[in-house]
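So the structure is just underneath, and the comments pick up after that.
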Amino acid sequence: MIKLEQVSKIFYQKHREIQALKNITLHIEKGDIFGIIGYSGSGKSTLVRTINLLERPTSGNIYLSKKNIVSLSDKELIPFRRKIGMIFQHFNLLSSRTVFDNVAFPLQLIGMAKEDIDKKVDNLLNMVDLSDKREEYPVALSGGQKQRVAIGRALASNPDILLCDEATSALDPQTTRSILALLKRINRELGITIVLITHQMEVVRAVCNRVAVISEGELVEENDVDILFERPRSPITQELLNPTLRID
């Protein structure tokens, strides 16, 4: 489904070279809820942004359904990107649009007929439990409701893959549980492969079936979630599993 092969990414700041990713190789199967975890600055957000080429890798290959998308032009990438939804920590909603219009926005961009948009958006709002908020604006919503709008919008283009970049980090524990339950339902009912970036081990344990641990741009460990939690191999994973407040 998703295959990263020796992916590296270098950023340049004036004369300084920053290697954000170092020869990452990963294989994410269709139907996985795949967690990528690491501390802030570990490279995990850069990694997830390479999957839809929001960040083009400096070297390496990225395969979606056996197609190497690194070799594609921006124009050729358009149909692939339509099959990849993305949600973010801070929702990225349009404040001047209602809940309905936020979810409808990507469908309007592709010129879908109004009656088809109305039907599809109503179905999506029902799925994310926001039918009663149809005409509300983002300012009137809670954080969890805003994230549900963002999920509905990401699902509008019928994606095969949903990328979640710290999607629950701004939410309280109860709201986080409800969003994770929604993501599991989407994975189960729609068969969408989910890639979930987080620094929260409890999030990984709650929803993921496989997990990769990233540190300083390198893949330090990858395994089934149950095995990784029971037998973590790397010191970084052990530290993530048993966090303590350290003051030097």
Side-chain angles (χ1 to χ4, degrees), residues 1-29 32-65 67-74 76-78 80-92 147 150-151 154 159-170 183 192-201 203-204 207-208 210-223 225 228 234-237 239-240:
M1 181 63 175
I2 305 169
K3 185 178 179 182
L4 283 73
E5 192 176 75
Q6 296 292 301
V7 169
S8 294
K9 176 65 179 181
I10 298 172
F11 293 104
Y12 297 93
Q13 289 184 350
K14 295 184 179 179
H15 302 296
R16 185 180 171 213
E17 183 178 288
I18 301 170
Q19 189 155 13
L21 299 175
K22 305 171 186 177
N23 298 316
I24 300 285
T25 295
L26 278 178
H27 188 195
I28 300 170
E29 299 283 357
D32 275 348
I33 303 182
F34 194 101
I36 299 174
I37 192 162
Y39 289 118
S40 297
S42 62
K44 58 188 186 296
S45 290
T46 301
L47 178 60
V48 79
R49 288 167 65 87
T50 65
I51 293 175
N52 57 5
L53 291 197
L54 287 177
E55 295 287 355
R56 280 189 175 267
T58 305
S59 61
N61 297 305
I62 299 166
Y63 297 89
L64 298 182
S65 301
K67 179 71 174 180
N68 185 4
I69 63 171
V70 173
S71 63
L72 301 180
S73 67
D74 288 343
E76 291 170 326
L77 269 174
I78 291 172
F80 283 90
R81 283 193 171 131
R82 283 180 183 151
K83 304 306 287 183
I84 304 174
M86 193 162 187
I87 58 174
F88 305 88
Q89 179 178 355
H90 296 297
F91 323 126
N92 290 6
Q147 195 59 282
I151 292 170
D160 297 322
I161 299 164
L162 183 60
L163 307 179
C164 306
D165 191 358
E166 298 282 7
T168 61
S169 294
L183 291 175
I192 293 175
T193 302
I194 296 175
V195 182
L196 196 152
I197 302 299
T198 185
H199 63 273
Q200 301 169 291
M201 292 300 283
V203 167
V204 168
V207 296
C208 297
R210 284 191 66 78
V211 59
V213 181
I214 305 294
S215 178
E216 297 182 350
E218 295 185 280
L219 176 64
V220 298
E221 189 164 357
E222 179 192 359
N223 219 323
V225 165
L228 183 135
S234 78
I236 290 292
T237 307
E239 195 172 280
L240 285 163

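All values below come from the heavy atoms of this structure, side chains included, with hydrogens, waters and symmetry mates left out. From a predicted model like this one, the values you see are computed outputs, not experimental measurements.
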Can you tell me how far the [atom1] atom of [X] sits from the [atom2] atom of [Y], to the nearest 0.5 Å?
X: I87; Y: T168; atom1: CD1; atom2: OG1; value: 9.0 Å
X: I214; Y: K44; atom1: CD1; atom2: NZ; value: 9.5 Å
X: I84; Y: L53; atom1: CD1; atom2: CG; value: 8.0 Å
X: L163; Y: T50; atom1: CG; atom2: OG1; value: 9.0 Å
X: N223; Y: T237; atom1: CG; atom2: OG1; value: 9.5 Å
X: S65; Y: I161; atom1: OG; atom2: CD1; value: 6.5 Å

Heavy-atom closest contact ([X] atom, [Y] atom, distance):
X: L21; Y: V7; value: CB-O, 4.0 Å
X: L54; Y: R81; value: N-NH2, 4.0 Å
X: C208; Y: V225; value: O-CG2, 3.2 Å
X: F80; Y: L64; value: CE2-O, 4.2 Å
X: G85; Y: P159; value: N-CB, 3.5 Å
X: A212; Y: F34; value: CB-CE2, 3.7 Å

Original post:
What's the verdict on side-chain contact (heavy atoms from CB on, under 4.5 Å) for E222 and V211, showing C-alpha distance, side-chain angles and the deciding distance?
Top reply: CA-CA 6 Å; E222 179 192 359; V211 59; over 6 Å; no
Tell me every residue that passes salt bridge (Lys or Arg N to Asp or Glu O under 4.0 Å) with [X], counting only those two or more places apart in sequence or in another chain.
X: E5; value: K3
X: R82; value: none
X: R49; value: E55
X: E76; value: none

**OP:** Show your reasoning for whether side-chain contact (heavy atoms from CB on, under 4.5 Å) applies to H199 and S169.
**Re:** CA-CA 8 Å; H199 63 273; S169 294; 3.5 Å; yes
Does [X] use its side chain to pair, donor to acceptor, with the backbone of [Y] at less than 3.5 Å?
X: E29; Y: I2; answer: no
X: T58; Y: I10; answer: yes
X: Q147; Y: A167; answer: yes
X: T25; Y: Q6; answer: yes

Original post:
Does the side-chain contact (heavy atoms from CB on, under 4.5 Å) test come out yes or no for M201 and L228, once each step is laid out?
Top reply: CA-CA 11 Å; M201 292 300 283; L228 183 135; 4.1 Å; yes
Heavy-atom side-chain proximity of [X] to [Y] below 4.5 angstrom:
X: N92; Y: M86; value: no
X: V207; Y: L183; value: no
X: E17; Y: Y12; value: yes

Original post:
Can I28 and T193 be said to form a side-chain contact (heavy atoms from CB on, under 4.5 Å), step by step?
Top reply: CA-CA 8 Å; I28 300 170; T193 302; 3.9 Å; yes
**OP:** Sequence neighbours left out, what passes side chain to side chain contact (heavy atoms under 4.5 Å, CB included) with S8? Give chain and number order.
**Re:** Q19, N23, S59
Subject >> Contacts of E216 that satisfy side chain to side chain contact (heavy atoms under 4.5 Å, CB included) - sequence neighbours left out >> reply: none
**OP:** Find out whether the Lys NZ or Arg CZ of K9 is both under 6.0 angstrom from the six-membered ring centre of F11 and within 45° of the ring's axis.
**Re:** yes
